[in-house]
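In what follows, a single structure is set out as structure tokens and then discussed.
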Number of protein chains: 2
Amino acid sequence: MTTTSDSTKKTTSAPAEKYRRYLQMLKKAGLRLTPQRMAICAYLAHTERHPSAYQVYEELAATHPGISRATVYNTLNTLRELGAIVELSFGSDHTHYETNTQPHVNLICLRCHKIIDYYGDPGVDALMERVRQETGFQSVAVKLDLVGFCAECRLQRLDEIRAMLKTAAQDKFPQTRNSKEEIV
Amino acid sequence: MTTTSDSTKKTTSAPAEKYRRYLQMLKKAGLRLTPQRMAICAYLAHTERHPSAYQVYEELAATHPGISRATVYNTLNTLRELGAIVELSFGSDHTHYETNTQPHVNLICLRCHKIIDYYGDPGVDALMERVRQETGFQSVAVKLDLVGFCAECRLQRLDEIRAMLKTAAQDKFPQTRNSKEEIV
DNA sequence: GCCGTAAATTAGATTGGTTCTAAATATAAA
DNA sequence: TTTATATTTAGAACCAATCTAATTTACGGC
């Protein structure tokens, strides 16, 4: 997959940079850089999805046999407390994590539970600064979620309603620009 | 408690309006307005906190003996799927709900897990419209969380670091304006 | 490079919030 | 009223997440 970036982008690969940042944050907090923690960070840095703690453990256990459930959960909690990753929540599932703290918008579908990453950040930096000045709250990460219905589910909903009246109608919706869709 | 509002505010009491909106959304979805559901909506409409599903059940069971755990959980899930309430997540606790879908910012402290509601909405409406046009995603609720450290915890962190060097120093931080603090 | 110690990991048991199940009940329509 | 459907109920079951105590490891100081 070619990293087709439009504007500001470093020459270093994104996962490598993410990885370094994770380790840096652990180190700065005075925590030890154990092989297990490094493996977990590497996994988080390379994933493009929003894995649950359980998923991280399962997939990591495959490549790193012997790694403990407790270690994975502890490390994820630690990273969360450091603000390195952000806990996501959407219906009826387990705890999922956002490993990308670059300000962006999560479009969370109420119907199919799909999460779409939307880049095209509004003035969040300005907001963070305003909040800091007015309340003393120091932000380390942003989580901006729009909860609603994705294009497909929106159409399905409309179709369901229309079907009750007469016949299902066809409609067009714009192509997905500026956003990257993910299966959770 | 007097509702000291600064700018735009209806003459109707906020809880009453919230309550009507909940019932309206249930009705619009073709669901029955049972006494249990109405009690749950009333509870959600009147709370100023971010209750967990468990809390809702426990506190409701006190005033409505005989109400079932399953009913409370089912209704909360239904309201969430309708976008009437929004699931919040922050470390190591159970699922909490945001009952106020009026666009605002949740300041979530990584250290003490306190949630501060901050009103002073950034251009979220414009963002929602842009998202709809570009991706076809139809928003029904916004969740804007800033994860970080509240003023108190920030000072404590600084003190901890300073204490390791010499003596704890005193510092001042601005009063909390434009925001309402809550104990979860 | 080796030691000592506090930190981290491990395997497994445990917990407890949430969901599931089947039966009973209530609701709205015919 | 009768009927069909939706909802509620009580309690059992689930399972992700946490906890425990013992073992192992990382890393600054010697």
Side-chain angles (χ1 to χ4, degrees), chain A residues 22-43 50-82 84-85 87-97 113 164 184, chain B residues 22-23 25-43 50-82 85 87-97 113 164 184:
Chain A
Y22 287 151
L23 296 191
Q24 198 181 58
M25 291 181 86
L26 286 172
K27 200 166 198 174
K28 207 168 72 178
L31 299 169
R32 293 178 184 170
L33 268 51
T34 65
Q36 291 88 342
R37 281 180 178 159
M38 287 162 74
I40 294 164
C41 289
Y43 175 89
H50 301 95
S52 68
Y54 196 82
Q55 272 172 25
V56 176
Y57 167 68
E58 279 210 322
E59 300 191 21
L60 220 46
T63 47
H64 296 70
I67 198 166
S68 170
R69 210 185 315 275
T71 301
V72 173
Y73 278 85
N74 286 339
T75 302
L76 290 174
N77 279 334
T78 302
L79 287 170
R80 177 178 46 71
E81 280 165 17
L82 292 174
I85 59 178
E87 193 176 337
L88 286 178
S89 60
F90 46 97
S92 50
D93 243 27
H94 336 319
T95 307
H96 285 249
Y97 291 102
H113 294 159
M164 298 178 87
V184 175
Chain B
Y22 288 149
L23 296 191
M25 293 181 86
L26 286 172
K27 200 166 198 173
K28 206 168 70 178
L31 298 169
R32 292 181 184 166
L33 268 50
T34 65
Q36 291 89 339
R37 282 179 177 157
M38 288 162 75
I40 293 165
C41 289
Y43 176 88
H50 301 96
S52 68
Y54 193 82
Q55 273 172 23
V56 176
Y57 167 67
E58 279 211 321
E59 299 190 21
L60 220 46
T63 47
H64 296 71
I67 197 167
S68 169
R69 211 185 315 274
T71 301
V72 174
Y73 279 86
N74 287 339
T75 302
L76 290 174
N77 279 334
T78 302
L79 288 170
R80 178 177 46 70
E81 281 164 18
L82 293 174
I85 59 179
E87 191 176 336
L88 284 180
S89 60
F90 47 98
S92 51
D93 243 28
H94 337 320
T95 307
H96 285 249
Y97 290 102
H113 296 157
M164 299 177 87
V184 173

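All values below come from the heavy atoms of this structure, side chains included, with hydrogens, waters and symmetry mates left out. Proteins come first, then strands; the chains are lettered A, B, ... in the order of their sequence lines, and each starts at number 1.
Side-chain N/O atoms of Asn77(A) include none lying less than 4.0 angstrom from OP1 or OP2 on dA17(D). Distances shorter than 4.0 Å separate none of the side-chain N or O atoms of Ser68(A) from OP1 or OP2 on dT9(C). At least one side-chain nitrogen or oxygen of Thr95(A) sits closer than 4.0 Å to the OP1 or OP2 atom of dA17(D).
In terms of position along DNA chain C, the nucleotide closest to Val72(A) lies nearer the 5' end than the nucleotide closest to the other residue of the pair Val72(A) and Ala53(B).
For Ala70(B), the side-chain atoms get nearest to dG11(D) when compared with the rest of dG11(D), dT9(C), dT18(C). Nearest nucleotide to the side chain of Tyr54(B), out of dT9(D), dA11(C), dT18(C): dT18(C).
Following rounding to the nearest Å, His64(B) (NE2) and dT8(D) (P) show an atom-to-atom distance of 13 Å. Distance, Lys27(A) NZ to dA26(D) P: 14 Å, rounded to whole Å. One atom, CG of Asn74(B), and another, C1' of dT21(C), lie 12 Å apart when rounded to the nearest Å. Between the C1' atom of dT8(D) and the CE atom of Met38(B) lies a distance of 16 Å, rounded to the nearest Å. As a whole-Å value, the separation of Ile40(A) CD1 from dA8(C) P is 12 Å. We find that CZ of Arg69(B) is positioned 14 Å from C1' of dC14(D), with the value rounded to whole Å. The interatomic distance linking Tyr73(B) (OH) with dT21(C) (C1') rounds to 17 Å, in whole Å. Remark: P of dT9(C) and CD1 of Ile67(A) are 8 Å apart, rounded to the nearest angstrom.
Between Ala61(B) and Ile67(B), the shortest heavy-atom contact is CA-CG2, 4.0 Å. Considering all non-hydrogen atoms of both residues, His64(A) and Ala39(A) come closest at NE2-CB, 3.5 Å. Between Val72(A) and Ala53(A), the closest heavy-atom pair is CG1-O, 4.2 Å. The minimum heavy-atom distance between Leu82(B) and Ala29(B), with the atom names listed, is CD2-CB, 3.7 Å. Taking each heavy atom of Arg37(B) and Thr75(B) in turn, the nearest pair found is CG-OG1, 3.8 Å.
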Query raised in the report: Hey, mind stepping through Ile40(B) and Tyr22(B) against side chain to side chain contact (heavy atoms under 4.5 Å, CB included) and telling me if it holds?
Result: CA-CA 10 Å; Ile40(B) 293 165; Tyr22(B) 288 149; over 6 Å; no
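A heavy atom closer than 4.0 Å to some atom of DNA chain C occurs in Leu31(A), Arg32(A), Thr34(A), Gln36(A), Arg37(A), these being the qualifying members of residues 29-37 of chain A.
Partner of Tyr97(B) under the side-chain contact (heavy atoms from CB on, under 4.5 Å) criterion, out of His50(B), Gln55(B), Arg80(B): Arg80(B) alone.
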